[in-house]
Amino acid sequence: MSQVSIEIPGDFILGAAASAWQTEGWSGKKQGQDSYLDLWYRHDRHVWHNGYGPSVATDFINRYPEDVALMKQSGVSHYRTSINWARFLTDYEQGVVDEDYAAYIDALLDEMKRQGVEPMLCLEHYELPGCLLEKYGGWNAKRVVELFVLYARRVFERFGAKVARWFTFNEPVVVQTRVYLDAIRWPYEQNTTKWMQWNHHKNLATASVVQLFRQMNCAGSIGVILNPEVTYPRSSAPHDRRAAELYDLFYNRVFLDPAIKGEYPAELLALLKKHEVNFAWTPEEMALIRDNTVDEVGINLYYPHRVKAPSRAWHSATPFHPAMYYEHFELPGRRMNKSRGWEILPKIVYDMGLRMRDEYGNIPWFIAENGMGVEDEARFKNAAGEIQDDYRIEFIREHLYWALKAVEAGANCRGYMLWAFTDNLSPMNAFKNRYGLIEIDLDNRRNRRQKKSARWFRALSDSRRLLLTLDDENK
């Protein structure tokens, strides 16, 4: 065992992230402003843990002055959240701004500036207006791309002078994968063509907003937040390696390549054509994607993904699913977060960093989300009532170590952002697993309390030095 001390570069972000729908609640929300998540909760409340959903969330919309002060107190230099598209407008076709919600965003940005916390804003974090899902089928329709660009224009007009770091989407692959590929979330429709159409239109939307951002001469940068899963084959055998390559192709490169390289992988398009996944696209759209790549990428990293070659035949009556090319594999003896059911492998940060360096032109990127959700954290309270979340401190410390090692190896990693600043709800799991530096008391949401990790994060931010005990295998 050895003690390691690593200096954190002065321009390396130590921040935290959340989203509008997971924090704000419905206070002040007007009729017709439901997002996709709100509709899901209304239709399917029973699948959300203990019935908790976005109706109250953490009540950030009313508590933001206190929460921003806690950010500063906890050493958070940057805070990434989203603007709720469904709430920002009252007329999505005409781009009519909800002045009450816009005033709240203005006040939030002013408070962050006053406290010295840098805002980073995402335009869509699953907050597709519900009426656009009902009217157009959501991102299945190119009309929604046009409406998203109109929404972005209104946002840039209002807040472009106050925010320097913008992002189009957070995890744009997730909703349609859960709904149309796996059919495990409302409205439960297995339709691979819709899945790919949503993917394409979100890629097109990112490129279109990048183009708009530059045409408007907005200051700062425009990027996207992706969640590529660092994928490892079960073995070095060709069939397992091929399974990992194909998993990566369908779930990771489908967004990484258009955003950064301006094109879809040729093999992806060939396989989709082979399996009659005939999504609509035009040469003009492909040219727009080619010519409007992002300035930077945020990458959400939580766990490794392991696959092996499939051992069973694909049922002929089942619509095409990429899973015909792989099976999930669980590594024996893996280290686990048992609350979440996820493997813990901090080195994924380093491996992703080298991939960004070697395969994606070493574009500026940062860890946009990384964190540890743990169930029933009250069992770790000390006599003073503070949660002693040493497991979270260790999780952050190890992942940050590998991020800094990636920087030493030449990766253009610009920062680390924790998920999340406070405990907040997640789809279905709601508040079951807690992620925050700050505890939220669900019985009285006025109560916020720092966990031990918040005090540790402040010390880390002040010292700009990471101390870590490593065994020989992890050096």
Side-chain angles (χ1 to χ4, degrees), residues 1-18 67-81 112 115-120 165 298-302 337 344-350 352-353 365-374 377 380 382 384 386-409 411-424 434-439 448-471 474-475:
M1 305 287 285
S2 61
Q3 188 81 17
V4 176
S5 174
I6 303 178
E7 184 176 353
I8 301 172
D11 59 353
F12 190 90
I13 292 171
L14 291 175
D67 285 349
V68 174
L70 281 169
M71 291 177 202
K72 187 67 173 178
Q73 186 178 335
S74 303
V76 172
S77 65
H78 292 65
Y79 180 61
R80 176 178 70 86
T81 188
M112 292 179 69
Q115 294 279 0
V117 178
E118 187 72 21
M120 301 165 70
R165 305 279 287 278
I299 296 182
N300 299 345
L301 293 167
Y302 289 95
N337 173 1
I344 298 174
L345 185 70
K347 192 172 179 285
I348 59 172
V349 174
Y350 183 82
M352 177 55 72
W365 70 280
F366 63 98
I367 300 165
E369 289 181 21
N370 176 251
M372 187 176 191
V374 173
E377 282 198 316
F380 299 111
N382 63 12
E386 180 188 77
I387 292 173
Q388 303 298 288
D389 54 341
D390 295 279
Y391 45 86
R392 179 167 293 109
I393 294 170
E394 191 67 14
F395 186 95
I396 298 169
R397 182 186 278 132
E398 290 180 345
H399 285 80
L400 182 55
Y401 165 79
W402 283 110
L404 296 172
K405 293 296 286 185
V407 172
E408 289 180 3
N412 199 3
C413 180
R414 303 291 185 86
Y416 174 94
M417 304 194 80
L418 179 69
W419 187 271
F421 168 61
T422 65
D423 294 335
N424 54 50
R434 302 301 188 93
Y435 283 87
L437 295 173
I438 308 297
E439 177 193 4
R448 273 112 156 101
R449 182 194 291 265
Q450 284 187 310
K451 303 175 188 178
K452 182 179 180 180
S453 59
R455 293 188 290 105
W456 175 85
F457 201 83
R458 172 61 186 265
L460 177 74
S461 181
D462 287 346
S463 70
R464 306 296 296 183
R465 184 161 293 278
L466 179 71
L467 300 177
L468 184 73
T469 301
L470 293 177
D471 59 37
N474 287 327
K475 284 183 182 177

Whether Ser461 side chain and Phe457 backbone form a donor-acceptor pair below 3.5 Å: no
Check: Tyr350 ring centroid to Tyr401 ring centroid under 6.0 Å: no
Test log, rule salt bridge (charged side-chain N to carboxylate O under 4.0 Å, His left out), inputs Glu398 and Lys347: CA-CA 8 Å; Glu398 290 180 345; Lys347 192 172 179 285; over 6 Å; no
Leu460 side, atom CG; Tyr416 side, atom OH - distance, nearest 0.5 Å: 10.0 Å
Cation-pi check, Arg165 onto Phe366 ring (under 6.0 Å, within 45° of axis): yes
From CG (Leu468) to CZ (Arg397), nearest 0.5 Å: 6.5 Å
Side-chain heavy atoms of Asp67 within contact of Arg448, under 4.5 Å: yes
Side chains of Leu301 and Glu369 in contact at under 4.5 Å (non-hydrogen atoms): no
Any donor-acceptor pair under 3.5 Å from Asp389 side chain to Tyr391 backbone: no
Backbone of Pro119 reached by a side-chain donor or acceptor of Arg80 within 3.5 Å: no
Side-chain donor/acceptor of Asp423 to backbone N/O of Arg434, under 3.5 Å: no
From CG (Asn382) to CD1 (Ile387), nearest 0.5 Å: 9.5 Å
Derivation of the side chain to side chain contact (heavy atoms under 4.5 Å, CB included) call for Val68 and Lys72: CA-CA 6 Å; Val68 174; Lys72 187 67 173 178; 6.0 Å; no
Donor on one side chain, acceptor on other, Gln450 and Glu386, under 3.5 Å: no
Donor + acceptor pair across side chains of Tyr79, Glu118 (<3.5 Å): no
Audit row: Glu408, Ile6, side chain to side chain contact (heavy atoms under 4.5 Å, CB included) steps and yes/no: CA-CA 10 Å; Glu408 289 180 3; Ile6 303 178; 4.2 Å; yes
Worked check of side chain to side chain contact (heavy atoms under 4.5 Å, CB included) between Leu404 and Ile8: CA-CA 7 Å; Leu404 296 172; Ile8 301 172; 4.0 Å; yes
Minimum-distance pair of heavy atoms, taken over all atoms of Leu466 and Trp456: CD1-CZ2, 4.4 Å
Validation row: Met71, Gln115 side chains within 4.5 angstrom (heavy atoms): no
Minimum-distance pair of heavy atoms, taken over all atoms of Ala17 and Ala368: CB-O, 3.7 Å
Expected output: side-chain Asn300 to main-chain Ile367 donor-acceptor under 3.5 Å: no
Arg464 side chain to Phe12 backbone, donor-acceptor under 3.5 Å: yes
Shortest non-hydrogen contact between Ala384 and Arg449, atoms and distance: O-NH1, 3.3 Å
Taking every non-hydrogen atom, the tightest pair across Val76 and Ala16: CG1-N, 3.8 Å
side-chain hydrogen bond (donor to acceptor under 3.5 Å, both in side chains) assessment of Tyr302 paired with Asn370: CA-CA 5 Å; Tyr302 289 95; Asn370 176 251; over 6 Å; no
Heavy-atom pair of closest approach, residues Ala18 and Asn424: CB-ND2, 3.8 Å
Value rounded to 0.5 Å, distance of NZ in Lys452 from CG in Leu437: 14.0 Å
Test item: side-chain donor near acceptor, Ser5 and Arg465, under 3.5 Å: yes
Ser77 side chain to Leu14 backbone, donor-acceptor under 3.5 Å: yes
Interatomic spacing from CD1 in Ile348 to CE in Met352 - rounded to 0.5 Å: 8.0 Å
Side chain to side chain contact (heavy atoms under 4.5 Å, CB included) between Ile344 and Met372, intermediate numbers included: CA-CA 9 Å; Ile344 298 174; Met372 187 176 191; 4.0 Å; yes
Residue pair Arg414, Asp11: steps toward the salt bridge (charged side-chain N to carboxylate O under 4.0 Å, His left out) verdict: CA-CA 7 Å; Arg414 303 291 185 86; Asp11 59 353; over 6 Å; no
Distance, nearest 0.5 Å, that separates OG of Ser453 from CD of Gln388: 9.5 Å
Within-4.5 Å side-chain heavy-atom neighbours: Ser74 and Ile438: yes
Contact summary for Pro346 and His399, nearest pair of heavy atoms: CA-NE2, 3.5 Å
